[in-house]
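All remarks here apply to the structure that follows.
Chain naming here is simple, since letters A, B, ... match the order of the sequence lines and numbering starts at 1 in each. In this text the structure is predicted, and so the values were computed from the model without any measurement. No hydrogens, no waters, no symmetry mates; every other heavy atom, side chains included, goes into these values.
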Number of protein chains: 2
Amino acid sequence: MVDIARLAGVSVATVSRALTGSPLVTAETRERIEAAVRQTGYAVNPLARGLRRQEARQILVLVPDIGNPFFSEVLLGIEEEAAARGFSMLVGNTAKDPAREDRHAGQLLTGAVDGLILVNGRLPPRLQRDRDFDGRIVAVSEAIPGGRVPVVGIDNAAAAAAAVAHLAGLGHRRIGHVAGPEGNILTRQRLAGYGAGLRAAGIEAEPDLIRHGDFTIPSGESAMAALLALPTPPTAVFCSNDEMAIGAIRALRIIGREAPRDVAVAGFDDIQFAGTYEPPLTTIRQPRRRMGAEAMALLGRRIAAEPGAGGDVTLPFALVERRSSVR
Amino acid sequence: MVDIARLAGVSVATVSRALTGSPLVTAETRERIEAAVRQTGYAVNPLARGLRRQEARQILVLVPDIGNPFFSEVLLGIEEEAAARGFSMLVGNTAKDPAREDRHAGQLLTGAVDGLILVNGRLPPRLQRDRDFDGRIVAVSEAIPGGRVPVVGIDNAAAAAAAVAHLAGLGHRRIGHVAGPEGNILTRQRLAGYGAGLRAAGIEAEPDLIRHGDFTIPSGESAMAALLALPTPPTAVFCSNDEMAIGAIRALRIIGREAPRDVAVAGFDDIQFAGTYEPPLTTIRQPRRRMGAEAMALLGRRIAAEPGAGGDVTLPFALVERRSSVR
DNA sequence: TTGTATGCGTTATCAG
DNA sequence: CTGATAACGCATACAA
């Protein structure tokens, strides 16, 4: 910067002002400075600027598994919005390990990042104690227990109810549910929606028709196998995510049956291969990318301490009807 | 830090030394300092440290599409190795847009990041001119034209040849190829391997049996449709990636045929759903995660200016035989 | 409108 | 082994 100052025949202060768009600079001097910048290819040092301004213009996203396509598409939305707002995106993989969560969260305490986006459904331990940074944290997709941090996502219960209504509308009365792991918030919300959907259709709930998996294909397969071993198996099944729905279809195939002929199957998420699978999956589409973008927008507003940067953001979902549920 | 110094009754210089693990500190003073640190929850400011040391302890990964599972698993490997080496990972989505590439690459010039990992197959324009940062750039998966930057990946030609050898070994003599977009390096390498594989099996190449797609499912579908419309269609097809292989299988299905009964199909990459698809896909497995990790390790060595931080790293691939190719 | 001076939080140099 | 101090590059308060 001192070079630019010399080249343009001004002080570094003026260069700084010109570069930050201060109105206190003559058009003419600004022009000289910009010329010098172009000539030398100079660029402001973000570390020095950050040190001075006490901000990093960086945000951190905590993800349990970057490799999971669901999360990576949320990341895409975050990145776009972050770039648009002049932020860079750091990504930390937690693998659900509290120690890693804490290590990454440390970046918020040190000032390495200005904000945090949680895609992993919980606050890192050290942040549970320390409430000083609540204003710089938002969650996406999955709510955080405690209600301290705002969430951006869909109405999971309503979406689950919509899926069940769809199956009931097809004439099914025995509708099973392959739920996620117990204790998980999404599991609870979708389970609640499942129950509400049954009620709305005038169907009596039957605890035996509910089995828990862990959101993986194999777990969906065994949950469905258990359902099929029932004296009176369900004629339709709503699964808490698409992976388990695929597992359910495999379980059918293994015993020589198939979806939707023998059992209708619906999933949740509309992952990339949901529409490509055989049969294509009926599912709930979440606006993943937009969820990421909205989360970043919210975080940006909170960091800037904008007044309206309030609570949760609920985005619309869509029921996507495909062959797996329709005869 | 000044607080710590006061608490421990030493100077900031000593605190700094203790915190950086300098041997020039008494065990006793170090203990006092560490106690003060624990008590206050103090953490070093990375911006100030970076400004002073002229390093950011951050690296940037340029990806064309974070949402793509192939890339996101490479990211996983990068993140793990980066964390292990004390680096944070920034992710920049380029969407193949040169302007975005340049904007992100700027972070290398400003010192915001210490190194760059390219997963998008090419150097951002401004870095093509400026060779000053060559020592801080590595590529993964896809080689960069020009040979200036070292690549971490598999031997794509050999892998393609192995896939073709597999199909030939099954007795096929008319083996088609659904290639990637023309001009793409991976396309060229795999196309070359396809040719080599045919030659090794004593099969004469036939230009008509080669169609180009763009690595998407629909493009694979139409490429395969064209192949099937030939007077004498191939009895086996090697596709340059799994998405196009899935498209090829769909093309078969549309005209009432199926894989592998009518045409054997092999893909490339072993993406997440390759093993789950119906039929499960025969494909080439790339060690994506390890590729990411090795790339980061290489970059780390280069940044540290370690002597042995030389050229390309070639990792082993594996031919995964599944039902799509076997009768 | 511009320049001077100071401090952001660290680390490295140089004395002691 | 420890302390004082300069410097990293920038942005702002204060003067002019």
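Between A:Leu90 and A:Val61 the shortest side-chain heavy-atom distance does not fall below 4.5 Å.
In this structure, A:Ile33 places its CD1 atom 10 Å from C1' of C:dT2, rounding to the nearest Å. Spacing between atom CD1 of A:Ile4 and atom C1' of D:dA11 amounts to 16 Å, rounded to whole angstrom units. Between the P atom of D:dC1 and the CZ atom of B:Arg17 lies a distance of 11 Å, rounded to the nearest Å. The distance from atom CG of B:Leu19 to atom P of C:dT10 is 9 Å, rounded to the nearest whole Å.
A side chain to side chain donor-acceptor pair (under 3.5 Å) check over residues 72-84 of chain A, counting only residues at least two apart or in different chains, returns the pairs A:Glu73-A:Arg288, A:Glu79-B:His104, A:Glu80-A:Arg289, A:Glu81-A:Arg85. Applying the side chain to side chain donor-acceptor pair (under 3.5 Å) test to every pair with at least one member in residues 124-141 of chain A, sequence neighbours left out, gives these pairs: A:Arg131-A:Asp134, A:Asp134-A:Arg148. Within the structure, every pair that satisfies the side chain to side chain donor-acceptor pair (under 3.5 Å) test and touches residues 43-70 of chain B, not counting sequence neighbours, is listed here: A:Gln58-B:Gln58.
Listed in residue order, the members of residues 22-29 of chain B having a heavy atom less than 4.0 Å from DNA chain D are B:Leu24, B:Val25, B:Thr26, B:Thr29. Proximity of residues 106-114 of chain B to DNA chain C (heavy atom under 4.0 angstrom from any strand atom) is not detected for any residue.
The side-chain hydrogen bond (donor to acceptor under 3.5 Å, both in side chains) test applied to B:Glu34 returns no partner, not counting sequence neighbours. Residues forming a side-chain contact (heavy atoms from CB on, under 4.5 Å) with A:Pro125 (at least two apart in sequence, or on another chain): A:Pro98, A:Glu101, A:Asp102. Checked against side-chain hydrogen bond (donor to acceptor under 3.5 Å, both in side chains), B:Gln39 has no partners two or more places apart in sequence or in another chain. Checked against side-chain hydrogen bond (donor to acceptor under 3.5 Å, both in side chains), B:Gln272 has no partners two or more places apart in sequence or in another chain. In terms of the side-chain hydrogen bond (donor to acceptor under 3.5 Å, both in side chains) criterion, residue partners of B:Asp269 (sequence neighbours excluded) are, by chain and number, B:Gln286.
With A:Val140 as reference, A:Ile117 is the one residue of A:Leu299, A:Leu118, A:Ile117 to meet the side chain to side chain contact (heavy atoms under 4.5 Å, CB included) rule.
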List every contact pair, protein side and nucleotides 6-10 of chain D side both N or O, where the distance is under 3.5 Å.
{"residue": "D:dC8", "atom": "O3'", "partner": "B:Gln54", "partner atom": "NE2", "Å": "2.7"}
{"residue": "D:dG9", "atom": "OP1", "partner": "B:Gln54", "partner atom": "NE2", "Å": "3.1"}
{"residue": "D:dG9", "atom": "N2", "partner": "A:Ala48", "partner atom": "O", "Å": "3.4"}
{"residue": "D:dC10", "atom": "OP1", "partner": "A:Tyr42", "partner atom": "OH", "Å": "2.4"}
{"residue": "D:dC10", "atom": "OP1", "partner": "A:Asn45", "partner atom": "N", "Å": "3.0"}
{"residue": "D:dC10", "atom": "OP2", "partner": "A:Met1", "partner atom": "N", "Å": "3.4"}
{"residue": "D:dC10", "atom": "OP2", "partner": "A:Tyr42", "partner atom": "OH", "Å": "3.3"}

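Of the charged side-chain nitrogens involved, none lies within less than 4.0 Å of a carboxylate oxygen, so that B:Glu306 and B:Arg302 do not count as a salt-bridged pair.
Between the axis at the start and the axis at the end of the helix from C:dT1-D:dA16 to C:dG16-D:dC1 there is an angle of 40°, using five pairs per end and rounding to 10 degrees.
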Original post:
How far apart are the C-alpha atoms of B:Tyr42 and B:Leu19, what are their side-chain angles, what is the distance that settles it, and do they pass the side chain to side chain contact (heavy atoms under 4.5 Å, CB included) test?
Top reply: CA-CA 11 Å; B:Tyr42 164 84; B:Leu19 265 35; 3.5 Å; yes
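Residue A:Ser11 is in base contact, counting any heavy-atom pair closer than 4.0 Å across all strands shown.
Without hydrogens or angle criteria, B:Asn120 side chain to B:Pro64 main chain gives no donor-acceptor distance under 3.5 Å.
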